[in-house]
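I have placed the structure first, in the form of structure tokens, so that the comments after it can refer back to it.
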Amino acid sequence: MTTHTQTTEPDVTDIDPAQLDLTDPQTFLDVDPHAMWRQFREQSPVHWQSVSGTRMPGFWAISKYADVVDIYRDNKRFTSERGNVLATLLQGEDSASRKMLAVTDGARHREIRNLMLKSFSPRVLQPVVEGVHRRTRDLVEQALEHGQLDFVTDVADHIPINTIGDLMDIPAADRERLVEWNTQTLSRHSSEDSALDEVMARNEILLYFSELAAERRKNPGEDVISTLATATVGGAPLAEDEIVFNCYSLILGGDESSRMSSIGGLIAFSENPEQWRKLKTGEVGADSATEEVMRWTTPAMHFGRRALEDVPLRDRVIKAGDVVTLWNSSANFDEDVFTDPYVFDIARNPNKHVAFGHGPHFCLGAFLGRVHVNAMVEALRERVAEIRLDGPPQRLYSNFVHGYSGLPVTLTAEAAG
Ligand code: HEM
């Protein structure tokens with residue numbers, strides 16, 4: 001099992017990009033990701049991966065930082081409207097196309113994004129920040145009382161879902177179910193969970209929000225669902241499926257990635273005692289550490305686009321209609337951009353990672369995501385003296401989310417006073 005936690009140069013012997021299957025989640029468990037992506041960047045930065053059994057003959061895998069950023073920025077020649085993750089892109093379409101922000105382009109994207117930004121701007125979210133810090137401190141305190149625990153299920157699982165749950169005014173009793181559906185939709189705990197479970201979980205979430213949205217339309221409150229359910233754009237209300245798909249994207253985006261970065265951050269500190277010391281002594285601040293945790297963990301491994309015209313790139317030509325995948329987990333370790341990329345360095349500056357994407361679809365929840373990771377970094381710094389991993393982290397089975405379903409740890413409290 002591999003994690004994103006090594007600090008030495010990756011060993012690239014025996015890795016041949018042509019032999020790897022990026023559609024298979026098992027690849028990401030079997031192969032050291034740093035070694036794998038280094039080989040891609042060096043040998044085949046614009047790599048064609050053929051696939052069978054899907055509507056598309058294959059797809060491009062882009063691994064250099066400069067190319068990833070250029071394509072993220074270019075929504076004229078590359079569209080998100082035919083899907084933005086490998087799973088939907090290979091089906092040839094996304095059923096939420098032009099209904100959900102992330103898979104809408106052009107004027108409609110700008111209008112809906114501006115509407116949603118009203119609920120997610122730093123100014124509007126300022127009152128939520130203290131609540132996130134309080135909840136995180138409380139959970140870390142409780143964890144310290146137990147000493148030994150599963151950091152995923154006992155701590156991390158309870159934080160972002162409750163923030164986004166409060167913002168959307170989701171009844172507390174429903175939140176645990178939503179976390180479970182979220183994980184099943186984006187990734188699987190193991191190869192034994194079926195693809196059908198993924199589809200069913202997605203449908204459960206959509207159905208859940210369709211009922212909640214109908215209720216909020218009748219009795220609106222101050223929450224984000226009510227904002228979407230009662231807003232008008234260009235004089236017309238949003239269609240019901242637009243409301244439902246955007247709620248779906250908020251609950252997925254709002255929960256899973258923030259959880260995974262916090263968990264990955266804890267692992268990184270446990271394996272890099274010198275960085276832990278720098279954090280604890282205040283030699284490096286929590287904001288800088290948060291950015292490095294984001295780069296280091298890169299929870300959204302890839303996003304993707306469909307080319308609208310022929311685009312020459314390095315020595316290849318991406319043809320109109322081709323699927324293009326942008327590997328954040330490679331770009332964030334590109335030697336041309338990051339000095340000593342395989343070193344977890346919480347003082348890293350500059351640190352222009354693409355964990356939140358780039359360009360017109362740059363993560364709407366980046367501020368909130370950072371708040372969550374920052375709150376965890378602060379809570380660990382203030383209350384925890386020592387982090388010890390009691391076993392290997394259990395990795396998710398996914399080619400999209402880099403994360404964990406279990407992490408046995410022992411946390412030791414800071415001596416009183
Ligand atoms: C978009 C990552 C937290 C909601 C994105 C994109 C990335 C990303 C890479 C770009 C997708 C693309 O270009 O196709 C992350 C990470 C997070 C995080 C790593 C946490 C650590 C959040 C949160 C929310 C959220 C907390 C919701 C409150 C969204 C939405 C979009 C998006 C709605 C689509 C934006 C658009 O298309 O204009 N996210 N995200 N994300 N994210 Fe996040």
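As the structure lists them, so they are numbered: ligands from 1, and atoms in each ligand from 1.
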Could you tell me how the ring of F400 sits relative to the ring of H302: parallel (under 30°), tilted (30 to 60°) or perpendicular (over 60°)? perpendicular

Considering only heavy atoms of F356, which atoms of ligand 1 have at least one such atom less than 4.0 Å away? 6 (C), 7 (C), 9 (C), 15 (C), 16 (C), 17 (C), 18 (C), 20 (C), 21 (C)

Determine whether the side chains of H372 and T163 contain a donor N or O and an acceptor N or O closer than 3.5 Å. yes

Taking R259 for the side chain and P160 for the main chain, is one N or O donor matched with an acceptor at less than 3.5 Å? no

Note: ligand 1 atoms sitting under 4.0 Å from heavy atoms of P299 are 19 (C)

Aromatic centroids of F344 and F269 separated by under 6.0 Å: yes

So is there a nitrogen or oxygen of R113 less than 3.5 Å from a nitrogen or oxygen in ligand 1? yes

Ring geometry between Y342 and F333 (parallel below 30°, tilted from 30 to 60°, perpendicular above 60°): parallel

Taking only heavy atoms of F120, which atoms of ligand 1 are found under 4.0 Å from at least one of them? 28 (C)

Of all the atoms in ligand 1, which lie at a distance below 4.0 Å from a heavy atom belonging to M294? 19 (C), 21 (C)

Within the 4.0 Å heavy-atom shell around G357, which atoms of ligand 1 are there? 9 (C)

Closest to atom 17 (C) of ligand 1 by heavy-atom distance, out of S80, S257, G264, G83, is S257

Kindly say whether G221 contributes a backbone atom to a donor-acceptor pair with the side chain of S226 at under 3.5 angstrom? yes

Verify, without hydrogens or angle tests, whether N246 (side chain) and K99 (backbone) share a donor-acceptor contact under 3.5 angstrom. yes

Salt bridge R108-E242, side-chain N to carboxylate O under 4.0 Å: yes

Would you kindly specify which portion of N246 sits under 4.0 Å from ligand 1, judged on non-hydrogen atoms: side chain, backbone, both or neither? neither

Any heavy-atom pair between the side chains of W276 and N272 that's under 4.5 Å? no

closest protein heavy atom to atom 33 (C) of ligand 1 is S249 OG, 3.6 Å

Of M260, R110, H361, H372, which has the heavy atom at the shortest distance from atom 37 (O) of ligand 1? H361

Pick one: which of V377, N349, D345 meets side-chain contact (heavy atoms from CB on, under 4.5 Å) with E292? D345

side-chain contact (heavy atoms from CB on, under 4.5 Å) test vs V323 passes for just one of Q49, R305, R55, M56, namely M56

Residue, atom name and distance, where the atom is the protein heavy atom closest to atom 30 (C) of ligand 1: L364 CB, 3.8 Å

If the cut-off is 4.0 Å to any non-hydrogen atom of L101, which atoms of ligand 1 fall inside it? 35 (C), 36 (C), 37 (O), 38 (O)

Whether the side chain of S288 engages the backbone of G285 through a donor-acceptor N/O pair (distance < 3.5 Å, no angle test) should be reported. no

State, without any angle test, whether T27 and D21 hold a side-chain donor-acceptor pair at a distance under 3.5 Å. no

Starting from atom 2 (C) of ligand 1, what is the nearest protein heavy atom, named by residue and atom, and what distance separates them? A355 O, 3.5 Å

Could you tell me whether some N/O pair between R305 and ligand 1 is separated by less than 3.5 angstrom? yes

Check: H109 N/O within less than 3.5 Å of ligand 1 N/O: yes

Aromatic ring centroids of F28 and W327 under 6.0 Å? yes

Among all protein heavy atoms in this structure, tell me which lies nearest to atom 22 (C) of ligand 1, with the distance rounded to 0.1 Å. G253 O, 3.1 Å

Specify side chain, backbone, both or neither for N84, according to which of its non-hydrogen atoms lie closer than 4.0 Å to ligand 1. side chain

What protein heavy atom sits nearest atom 18 (C) of ligand 1, and how far off is it? C363 SG, 3.6 Å

For Y72, is at least one N or O under 3.5 Å away from an N or O on ligand 1? no

Within the 4.0 Å heavy-atom shell around I164, which atoms of ligand 1 are there? 28 (C)

For atom 7 (C) of ligand 1, what is the closest protein heavy atom, and at what distance to 0.1 Å? F303 CE1, 3.4 Å

Just need the protein heavy atom nearest to atom 34 (C) of ligand 1, so name the residue and atom and give the distance. A102 CB, 3.8 Å

Using a strict cut-off of 4.0 Å, indicate which atoms of ligand 1 neighbour a heavy atom of S261. 21 (C)

the protein heavy atom lying closest to atom 4 (C) of ligand 1 turns out to be G365 N, 3.9 Å

